[in-house]
Amino acid sequence: MKLTFLSTLLAAATAVSAQQSVPFTHPQTGLRFQSLTHPSSASSFGIALPPAGGPSNEFIGQISARLTSGWMGVSFGGAMLNNLLLTAWQNGNSIVHSLRLTPSYGNPAPYTRAGPVVTPICTSTQTNSTHWTFTFLCTNCNSWTLNNGQPQSIDLTGDFQVMGYAGHTSQKPTSPAQPGSAIPKHLYQGQFGMNFQAARVQNWDAYKLCQTSGGGQPTTSTYTPPPTTSTYTPPPTTSTYTPPPTTTTYTPPPTPTPSQPTCTVARYGQCGGSNYSGCTNCASGSRCNKQNDWYSQCI
Ligand SMILES: *[C@@H]1O[C@H](CO)[C@@H](O)[C@H](O)[C@H]1NC(C)=O
Ligand SMILES: *[C@@H]1O[C@H](CO)[C@@H](O)[C@H](O)[C@H]1NC(C)=O
């Protein structure tokens, strides 16, 4: 039953994207992940989960991208919109990161509500000669709240989750030192099936300290600064504000054409005659009847 359900989900994810997570052991720490690498950018995202019965609100994540990359981000719920996002990039010797949420396509705003917390771990192993790597403990990242107050969540105790990634291979965020900086629009993105079942690891408390029983201890890598090849190119100003078309210009109501005098002559009153200059409209139900040249009467 459970396997059937998982297979169905995997089939569903296959429809979204053929990509599925695979096992990956981070050589510098020995931490094991279920991970997906985007082929052309060589960016990757991996997850390690507590064993069954462990905390249901924690995971260890790892984002890595080339030293020349602009930024890399992941969506915990798969799609860009209304899912908790994590963006990260290298700035000097450190990795800058921020949680974000967006209800619309455009620069995702930082997520400012209480709850999810990203804590960097294994910070001494953030780079090798080709990539930066950001390893973090995510606490309460499985639930978030939309701007309209609606709660959202993913189930970290489940077997499977569709997740997403996006990034830019060269353009850094506008203000790379600021976690909440605007980021240039992603150059690549996709969704993939993350196998939670295979991502569970033992020794969770040790993992959170970046230690594995069988793997290596964190190594203090000598930092290699990235080649300073990229003169900064500001992101294209994609969203210049266009005021909405002024569709509703006010049209004043037509000025009524001046109507005839609104006087009426009661029945049997005078309504005409050669010297008569008064009202000529007979009251409703009567009409002006000429009796002679000098006198007409409403009858
Ligand atoms: C550097 O780290 C990345 C991410 O873990 C890995 O894919 C890559 O093979 C590593 N490069 C070297 C030269 O070890
Ligand atoms: C109509 O008016 C003229 C000029 O004021 C007057 O001479 C004439 O007598 C009047 N006729 C009647 C029938 O009142």
Side-chain angles (χ1 to χ4, degrees), residues 17-49 59-76 85-97 118-138 141 163-173 176 183 186-196 198-201 203 206-230:
S17 158
Q19 296 174 298
Q20 300 291 331
S21 62
V22 296
F24 168 75
T25 301
H26 183 228
Q28 289 167 284
T29 57
L31 293 179
R32 289 181 291 110
F33 297 93
Q34 273 288 309
S35 180
L36 187 100
T37 299
H38 178 249
S40 62
S41 69
S43 303
S44 63
F45 173 54
I47 268 192
L49 284 165
F59 67 83
I60 294 172
Q62 187 175 71
I63 294 175
S64 72
R66 286 194 177 115
L67 299 178
T68 51
S69 67
W71 61 273
M72 168 70 171
V74 295
S75 167
F76 300 146
L85 312 173
L86 176 63
T87 55
W89 58 86
Q90 190 184 38
N91 181 53
N93 290 4
S94 60
I95 307 301
V96 179
H97 65 90
V118 175
T119 307
I121 61 174
C122 314
T123 53
S124 61
T125 60
Q126 285 181 336
T127 59
N128 61 18
S129 61
T130 57
H131 284 64
W132 57 261
T133 299
F134 177 52
T135 313
F136 56 93
L137 175 68
C138 230
C141 296
M163 297 193 144
Y165 57 82
H168 199 291
T169 49
S170 61
Q171 279 187 4
K172 293 272 192 202
I183 53 179
H186 52 76
L187 210 58
Y188 61 90
Q189 83 287 334
Q191 296 183 30
F192 60 94
M194 181 64 92
N195 189 341
F196 276 5
R200 306 203 176 279
V201 297
N203 307 317
Y207 256 69
K208 288 197 286 185
L209 299 172
C210 198
Q211 296 165 352
T212 59
S213 53
Q217 295 296 309
T219 56
T220 47
S221 65
T222 52
Y223 173 70
T224 311
T228 53
T229 51
S230 61

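First listed ligand is number 1; within each ligand, the first listed atom is number 1.
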Side-chain heavy-atom pair T135, F33 within 4.5 angstrom cut-off: yes
Whether Y188 and H38 hold their rings parallel, tilted or perpendicular, with breakpoints at 30° and 60°: parallel
Side-chain heavy-atom pair H131, R66 within 4.5 angstrom cut-off: yes
Validation row: V96, W89 side chains within 4.5 angstrom (heavy atoms): yes
Residues which pass ring pair (Phe, Tyr, Trp, His ring centres under 6.0 Å) with F136, listed by chain and number, not counting sequence neighbours: F134
Those protein residues which place at least one heavy atom below 4.0 Å from ligand 1: F24, S64, N128, S129, T130, H131
Side chain proximity check, L31 to Q62, heavy atoms < 4.5 angstrom: no
